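The block underneath contains the structure these notes are about, expressed in structure tokens.
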Amino acid sequence: MNTDTLADSRSKTSFTDFLNRMHHPASLDLVRSIKSFIVSFSFYQPKPENDGKRVQDFFLSMEAAMRDHPLWTTASEEDIDCAMEGLEKYIMIKLFSRTFSATPEDAKIDNEISEKICLLQTFLKPEHLDIPPILQNEASWLLAEKELLKINAFKAPHEKLLSILNCCRVINKVLLNVAVSEHVPAGADDFLPVLIYVTIKANPQKLHSNLKFIKLFRRQAKLISEAEYYFTNLVSAAAFIVDLNAKSLSMDEIKFEESMQAAKLINKVTNESSSTCQMSQQENNKCSCSEKMHHKLDDTGVFKDVEHGSNYPYMEAKSKELTVGDVDMLLSDYKDLVAKYTILCKAISCLSTSEREPLLRQIEKQSAETLLSQHPGINTPTTHQDN
Amino acid sequence: MGCGSSFPDRDSRQLGRPSSENGGGQDARNLRVKLVLLGDSGVGKSCIVLRFVRGQFDATSKVTVGASFLSQTIALQDSTTVKFEIWDTAGQERYAALAPLYYRGAAVAVIVYDITSPESFSKAQYWVKELQKHGSPDIVMALVGNKADLQEKREVAVQDGTDYAEKNGMFFIETSAKTADNINELFEEIAKRLPRPSDS
């Protein structure tokens with residue numbers, strides 16, 4: 001998109017321009033204030049709200065200093081603004097590690113949101129948010145998701161905010177296209193549900209921390225109007241996800257609870273099987289299976305054939321050690337995993353909660369056997385032990 | 001729910017001219033005002049705004065990111081200008097709890113219902129109460145009965161709207177986004193009622 005590249009390149013030039021001016025001997029006093037401000041931060045424990053206030057106050061005092069500064073006497077409003085963008089970026093990159101996700105609570109909230117989204121991803125459909133079929137456009141939404149995911153590629157609040165705006169821009173483009181062709185209005189009634197859906201599909205890491213960081217450290221004079229509106233929409237999408245329960249969706253409440261349970265189970269199984277798998281691999285490498293390991297495998301029973309034989313011999317591999325000859329094996333492993341996962345998900349979605357757990361194991365076993373019979377000779381316990 | 005097929009000609013108003021865009025110079029003569037739109041989904045919130053914003057200008061001119069945030073500047077007779085920054089909100093029940101994020105800091109709330117839907121009128125009253133409790137104390141509130149062109153389907157009497165608004169010290173108007181009736185009057189009246197920085 002043109003506008004994005006324009007915005008990107010403008011922000012790059014303004015930053016380079018800022019750095020150039022700061023190298024000018026005449027701006028030594030400004031450089032000193034900036035450096036001492038950054039250093040002053042290391043004297044205190046992080047306290048997000050205080051830190052936000054201090055940074056904002058510093059931005060204002062620097063803006064005033066620039067306006068009075070010989071180097072900027074002929075500067076236009078736009079020049080000052082560019083310099084301030086440069087300053088915001090410089091300061092926030094320097095202070096990033098101590099201001100972003102600065103408290104354990106932030107990290108905790110981030111994880112909770114992300115884990116909840118993981119569960120929702122397994123079953124949530126656009127119609128659960130009443131997004132009408134005519135507005136559904138998964139292909140374009142994918143672009144919106146990509147834009148949103150860029151939020152973690154940047155450290156400057158301005159650039160993080162741009163990721164959000166670009167995401168919203170993509171969504172709106174789709175909405176406006178439909179609005180024009182179908183003569184329907186494309187207002188917030190349509191926009192917010194789509195943004196929520198896109199956010200769930202994208203599951204941007206550290207969502208809460210990113211929003212908090214932008215709120216606290218984006219220059220206040222810039223978090224207004226349209227930018228503030230779309231920022232608020234993402235804040236409200238996050239709030240909706242945090243509070244989301246059986247009543248929040250157009251979905252049978254019992255079905256919702258069951259889907260969440262199933263998703264938790266899948267997550268649990270996936271985690272367990274990958275960790276068991278890793279453990280078994282380590283044990284095999286040492287050529288000794290501990291008693292404890294055997295017990296664990298017997299407990300889970302169905303995993304025995306698969307895990308003990310180590311279906312995943314590359315778990316510990318480094319990319320440097322791989323050769324072209326490994327591609328076949330890696331591909332077939334990949335296919336195994338996808339096949340298994342798909343079967344598992346399908347099966348789980350048809351079951352009631354009480355039936356789910358025992359049957360889940362049965363299915364896992366069957367699919368493993370099918371896969372083993374399809375690929376005789378590879379990954380069987382005998383073959384592996386011969387190694 | 002279309003906005004109505006006949007968009008008016010862009011020439012027919014002399015209401016306002018866009019002021020030179022400078023990201024929010026706030027002085028007594030040029031106000032920048034946050035206006036939040038509340039009301040059930042389907043009552044025509046976005047249609048009212050589209051009518052207000054695009055009825056006067058080229059449909060492609062002012063739209064930047066999208067249609068749920070739009071801004072429009074109007075000039076008043078005393079040669080002051082008011083730039084409305086209009087925040088649309090999702091009207092579905094499941095998003096009601098998110099509304100405070102949107103109306104926080106708003107100078108104006110426009111609460112819209114559909115004159116053919118008594119439910120939407122009760123929902124409008126819910127929003128009035130909520131704003132009285134949690135909105136900023138000097139917020140200017142307008143109650144709007146939309147779809148006034150659908151007289152034969154009317155289920156909320158004009159008098160009901162008038163009475164309720166009067167009791168709650170609000171401005172009341174019936175509009176039709178479809179025919180553009182009273183749309184500009186609505187925003188002009190709001191502009192007049194805004195507290196000016198000098199008298200606050």
Side-chain angles (χ1 to χ4, degrees), chain A residues 3 77-78 81 128-132 164-176 178-180 182-196 211 221-222 224-245 247-251, chain B residues 1-7 21-26 32-34 36-51 54 59-60 62-71 83-105 112 177:
Chain A
T3 45
E77 275 305 308
E78 202 185 337
D81 187 56
H128 297 143
L129 292 162
D130 290 331
I131 299 172
I164 299 174
L165 295 183
N166 287 337
C167 164
C168 294
R169 197 169 276 145
V170 175
I171 294 173
N172 270 315
K173 228 179 189 177
V174 182
L175 292 180
L176 287 174
V178 179
V180 168
E182 305 290 328
H183 299 289
V184 290
D189 287 351
D190 300 313
F191 175 78
L192 182 63
V194 176
L195 180 64
I196 290 171
L211 293 170
K222 290 291 173 170
I224 56 162
S225 300
E226 194 164 44
E228 186 189 11
Y229 177 76
Y230 287 104
F231 174 74
T232 303
N233 271 281
L234 190 59
V235 171
S236 87
F240 180 80
I241 292 167
V242 168
D243 294 333
L244 194 153
N245 59 32
K247 291 190 170 63
S248 316
L249 300 172
S250 287
M251 188 176 187
Chain B
M1 294 157 282
C3 288
S5 44
S6 63
F7 272 71
E21 281 312 299
N22 61 23
Q26 191 80 325
R32 185 167 64 80
V33 166
K34 173 175 168 183
V36 65
L37 279 174
L38 294 162
D40 232 338
S41 74
V43 298
K45 295 186 297 289
S46 17
C47 292
I48 292 176
V49 187
L50 281 176
R51 191 51 110 172
R54 297 198 199 163
T60 55
K62 283 278 164 187
V63 180
T64 43
V65 175
S68 42
F69 175 94
L70 289 166
S71 67
K83 181 183 185 192
F84 286 111
E85 295 183 345
I86 304 168
W87 291 41
D88 194 5
T89 60
Q92 297 93 326
E93 185 59 38
R94 70 172 60 120
Y95 306 122
L98 304 170
L101 293 168
Y102 294 82
Y103 64 66
R104 185 181 299 152
V112 187

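Treat the numbers as computed from the prediction; the structure is a model and nothing was measured.
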*Of all heavy-atom pairs between A/A188 and B/S68, which one has the smallest distance, and what is that distance?*
N-CB, 3.6 Å

*Could you have a look at A/D190, A/L249, A/L175 and say which one has the most heavy-atom pairs with chain B under 4.5 angstrom?*
A/L249

_Pairing residues for B/D40 by the salt bridge (charged side-chain N to carboxylate O under 4.0 Å, His left out) criterion, not counting sequence neighbours_ = none

*With sequence neighbours left out, write down each residue that passes salt bridge (charged side-chain N to carboxylate O under 4.0 Å, His left out) with B/K34, or none if nothing qualifies.*
none

Any heavy-atom pair between the side chains of [Y] and [X] that's under 4.5 Å?
{"X": "A/I196", "Y": "B/Y95", "value": "yes"}
{"X": "A/N233", "Y": "B/W87", "value": "no"}
{"X": "A/D130", "Y": "B/R94", "value": "yes"}
{"X": "A/D189", "Y": "B/K45", "value": "yes"}

*Start with the C-alpha distance between A/I224 and B/E85, add both sets of side-chain angles, then the distance that settles side chain to side chain contact (heavy atoms under 4.5 Å, CB included), and finish with yes or no.*
CA-CA 10 Å; A/I224 56 162; B/E85 295 183 345; 5.7 Å; no

*At a heavy-atom separation under 4.5 Å, does A/F240 approach chain B through its side chain, its backbone, both, or neither?*
both

_chain B contact via A/E77 - which portion, at a heavy-atom distance below 4.5 Å_ = neither

_Rounded to the nearest 0.5 Å, what separates atom CD in B/Q92 from atom OG in A/S250?_
9.0 Å

_Return the OH to CD1 distance between A/Y229 and B/I86, rounded to the nearest 0.5 Å._
11.0 Å

*Residues of residues 96-104 of chain B under 4.5 Å from chain A (heavy atom pairs)?*
B/L98, B/L101, B/Y102

*Winner by heavy-atom pair count (cut-off under 4.5 Å) against chain A, out of B/G105, B/G44, B/A90*: B/A90

*Who are the side-chain hydrogen bond (donor to acceptor under 3.5 Å, both in side chains) partners of A/T232, not counting sequence neighbours?*
none

